[in-house]
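Just so it is clear: chains get the letters A, B, ... in the order the sequence lines come, proteins before strands, and each one is counted from 1.
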Number of protein chains: 2
Amino acid sequence: MSDIEREVHAVAERAGDAAAELAPLSRAVKDAALVAIADALVKRAGEITAANAEDVERARRDGTSPAMVDRLTLTPERIEAIADAVREIVELPDPVGESVRGGVLPNGLDLRQIRVPLGVIGIIYEGRPNVTVDAAALCLKSGNAALLRGSSSAYASNTAIVGVLRDALAGTGVPQDAVQMVPGRTRESSTALMRARGLVDVLIPRGGGSLIRAVVRDSTVPVIETGEGLCHVYVDADADLAKAVAIATNAKAQRCSVCNSAETLLVHEAVADAFLPRVLDALGGAGVTVHGDRRVLEAAAAHGAGADVVEATEEDWATEYLSMDLAVRVVPTIDEAIAHIRRYSTRHTEAIVTDSLKASRYFVSRVDSAAVMVNASTRFTDGGEFGFGAEIGISTQKLHARGPMGLTEMTSTKYVVTGDGHLK
Amino acid sequence: MSDIEREVHAVAERAGDAAAELAPLSRAVKDAALVAIADALVKRAGEITAANAEDVERARRDGTSPAMVDRLTLTPERIEAIADAVREIVELPDPVGESVRGGVLPNGLDLRQIRVPLGVIGIIYEGRPNVTVDAAALCLKSGNAALLRGSSSAYASNTAIVGVLRDALAGTGVPQDAVQMVPGRTRESSTALMRARGLVDVLIPRGGGSLIRAVVRDSTVPVIETGEGLCHVYVDADADLAKAVAIATNAKAQRCSVCNSAETLLVHEAVADAFLPRVLDALGGAGVTVHGDRRVLEAAAAHGAGADVVEATEEDWATEYLSMDLAVRVVPTIDEAIAHIRRYSTRHTEAIVTDSLKASRYFVSRVDSAAVMVNASTRFTDGGEFGFGAEIGISTQKLHARGPMGLTEMTSTKYVVTGDGHLK
């Protein structure tokens, strides 16, 4: 075992001890700790921005894009907003201890299934230092210890933030080791985290597709895959075309850089002639470049395209653009739309636009994604929109949690069985 | 990719296609298929016993123990019982389509979280060919395709059984490829199954600890760990000693070869003098060998031991005996009992015997196991006892499912969001 592996294991073991102390704590104790954290962030904003300035300067020196530098930058106002987000988590109900099911068995045993924390949650994330606070606060509220592994580009910021959080925990009932940074900033230290099976209960990567795939590939700790979204909008033969135009445009263009934006539009051929000119105009007006199949190219040529239209290749169907690009294909049947989705989707969110109850039931029961929208934009797949208050990520896998992961999804359960000397 | 990998992948792909067809099927269709399976098993019992005779003969020739040969052996009566178990699964409610939560969001979107099948479930199991039918039936009822990988010792039996199951599915609405054997009987074929990430949604190993650890170690497909049970009974300072004697003896001796039997008894020192002689007598009467710490040895010497008592070593605390052996230790405090459990338990089931409400609350909130018993035998952790009707295994992990896994635990969920042209 290398030095860094030993260090990471030691940190994970302390996290395990902290998790054991955290699990039985009441909501009041955890909320008081979160309030202390929010207060400390505001009070010590100066230290945090000073550390952040080092990261920002290095990023500029390294030629990082202005957009990325902006994501990295912390200001007193941004720190205030981060503290407010913590205060919002204080207001959320505590899932721990909730009774999931229960009753009295025929033999008189009292059976309850109750929510308990998962234990130690490792978070591997990119860029923005606000994730450090957000992830730590969600972990604490749900009774879990947080092991944080941010990107090396935010190392100074994250170190300062975690210092503030840990100081704030002193004197609350929450152990300081409930929030720890994974030591080291090399790939070796994140690999050590990924291999700490038995010490870390779950790893949640937050970031782009390549980060997520690397964690899934290299980890022996169970991983919850989040966030890759190659989302589809399908316009059915029975769609209200005005709504279809609005939903397709909203799903792509309202904010194109996020995982729940649409990347491919599928159009039933029965409405293609009527729909394509209208949607091309709307997409063009929003600044979207269309990657279309032959039918789409023909419609654009006949109509005089309202949008930039280029020919789609096989690669387009498989691409999560996260940009103002949209692949558009005409399909002969709803079954072909479903087959296309099954082949290319990352199973995050798909939408159908239709006025047919039969078509909506058919689509909903056969499309196997975390969220299926009927006559609504894909952009609604979000913990805040769903009423969960906050989310640690959007799971695109089927085990444990699927879709937006709120506090409830950061828990496990245990059975408590109470008897009076019951024997089998 | 080797030939066997290609074959396993082809089988898994067909399972995926079958799973897509299975997902939207109604309970009536799935139940009719299960009835057809039960009928076919009884009708073609002769073929199955003939194939089983090959496995049994080879096992005898290879010097397999009589107990193992008995586990392997199928008779017409046993096949009848296996078919009856399928008919019991017919009677269970179908979890698919169940609404887990739902409501109308402030913006008028209708949000429902509904249960859906996991997809393709791989089962890797040892010994008994009845698991082949049991696992397939539970998978079908919960809308999942089953990929079965039994032990090579039951290869002929399993091949015959799967043939009968697939024939029975012809003409029902359930696709035949919903039940398939993993081709090949070498380690290479089970490794190929474990590496089929993306094609297989989850692997559930059923068998002994070494099988489970091998699957967890080698698999890139998500695994649900089942069945290892190093279970503890803790006799508190405030225990009713008569109940404590009965529970400790029942937990160890009622059936010692199963995962929910107790392996270690922890005794609070305040009751050690009164309790140890009584429990040693009872354990001795049941034929249990006690592996005791110094205090236990002293009590046995002073009292004239009612049981065979040998000195416990460090290894005893970490051993899942699955035999008529029990490790017994005296602890100074409830905290030391909890610390001992945290160190050695496989987090399956632990029990406390106490009349103190405070002690029971303390123990329940701090012991992090799938099931925590209060004044009841550890032997009650079981899907049948819990009222789930049938179980595919007992999960000892925290992600996705914990404790006995019934049909509900063989599902995922998806969000269905219905609007009327909703835009963000």
Exercise. Side chain, backbone, both or neither: which part of B:Thr381 has a non-hydrogen atom closer than 4.5 Å to chain A?
Worked result: neither
Problem set entry | B:Arg217, part contacting chain A, at a heavy-atom distance under 4.5 Å | neither
For this session: For B:Lys414 and A:Val364, indicate whether the former's side chain and the latter's backbone hold a donor-acceptor pair under 3.5 Å.
Result: yes
Problem set entry | Selection from B:Thr220, B:Val216, B:Asp240 maximising heavy-atom pairs under 4.5 Å formed with chain A | B:Val216
For this session: Below 4.5 Å from any heavy atom of chain B, which atoms of A:Ser369 appear? Answer side chain, backbone, both or neither.
Result: backbone
For this session: Measure across B:Arg402 and A:Thr413 and return the closest heavy-atom pair with its distance rounded to 0.1 Å.
Result: CD-O, 2.8 Å
Seminar exercise, completed: NZ of B:Lys424 to CZ of A:Arg379, rounded to nearest 0.5 Å, is 4.5 Å
Exercise. Is it true that atom CZ of B:Arg101 has more than 12 heavy atoms of other residues, nucleotides or ligands lying nearer than 6.0 Å?
Worked result: yes
For this session: Supply the atom-to-atom distance A:Arg366 CZ to B:Glu21 CD, rounded to the nearest 0.5 angstrom.
Result: 9.5 Å
Exercise. Which value, rounded to the nearest 0.5 Å, describes the distance between B:Gln397 atom CD and A:His400 atom NE2?
Worked result: 10.0 Å
Problem set entry | Partner chain B: residue of A:Ala19, A:Ala376, A:Gly119 with the largest heavy-atom pair count (under 4.5 Å) | A:Ala376
Problem set entry | For B:Glu385, the option from A:Leu111, A:Leu109, A:Val417, A:Asn107 that meets side-chain contact (heavy atoms from CB on, under 4.5 Å) | A:Asn107
For this session: Using side-chain hydrogen bond (donor to acceptor under 3.5 Å, both in side chains) as the criterion, list what pairs up with A:Asp17, not counting sequence neighbours.
Result: B:Arg342
For this session: Name the option with the most non-hydrogen atom pairs under 4.5 Å to chain A; the candidates are B:Gln254, B:Arg255, B:Gln113.
Result: B:Gln254
Exercise. Considering only heavy atoms, which portion of A:Thr418 lies under 4.5 Å from any heavy atom of chain B: side chain, backbone, both, or neither?
Worked result: both
Problem set entry | Part of B:Pro106 within contact of chain A (heavy atom distance under 4.5 Å) | neither
Exercise. Do we get A:Arg112 above B:Phe386's six-membered ring, with its NZ or CZ under 6.0 Å from the centre and within 45° of the axis?
Worked result: no
For this session: Determine the option with the most heavy-atom pairs under 4.5 angstrom with chain A, choosing from B:Pro117, B:Pro24, B:Ala244, B:Ser377.
Result: B:Pro24
Exercise. Could you go step by step and tell me if A:Ile247 and B:His422 meet the side-chain contact (heavy atoms from CB on, under 4.5 Å) rule?
Worked result: CA-CA 7 Å; A:Ile247 287 172; B:His422 281 67; over 6 Å; no
For this session: Using non-hydrogen atoms and a 4.5 Å limit, figure out which bit of B:Ala370 sits close to chain A: side chain, backbone, both or neither.
Result: backbone
For this session: Taking heavy atoms only and a threshold strictly under 4.5 Å, list by residue number the residues of residues 349-361 of chain B that touch chain A; give 'none' if the list is empty.
Result: none
Exercise. Hey, which of A:Ala246, A:Gly403, A:Gly387 has the most heavy atom pairs under 4.5 Å with chain B?
Worked result: A:Ala246
For this session: Give a yes or no answer on whether the side chain of B:Ser412 reaches the backbone of A:Lys398 with a donor-acceptor pair at less than 3.5 Å.
Result: yes
Exercise. Under a 4.5 Å heavy-atom cut-off, does chain A meet the side chain of B:Val367, its backbone, both or neither?
Worked result: backbone
Problem set entry | Note, B:Leu118 side chain near A:Leu399 side chain (heavy atom, < 4.5 Å) | yes
For this session: Measure the acute angle between the ring planes of B:Phe388 and A:Tyr415, then classify it against the limits of 30° and 60° as parallel, tilted or perpendicular.
Result: tilted
Problem set entry | Under 4.5 Å from any heavy atom of chain A - which part of B:Asn375 | both
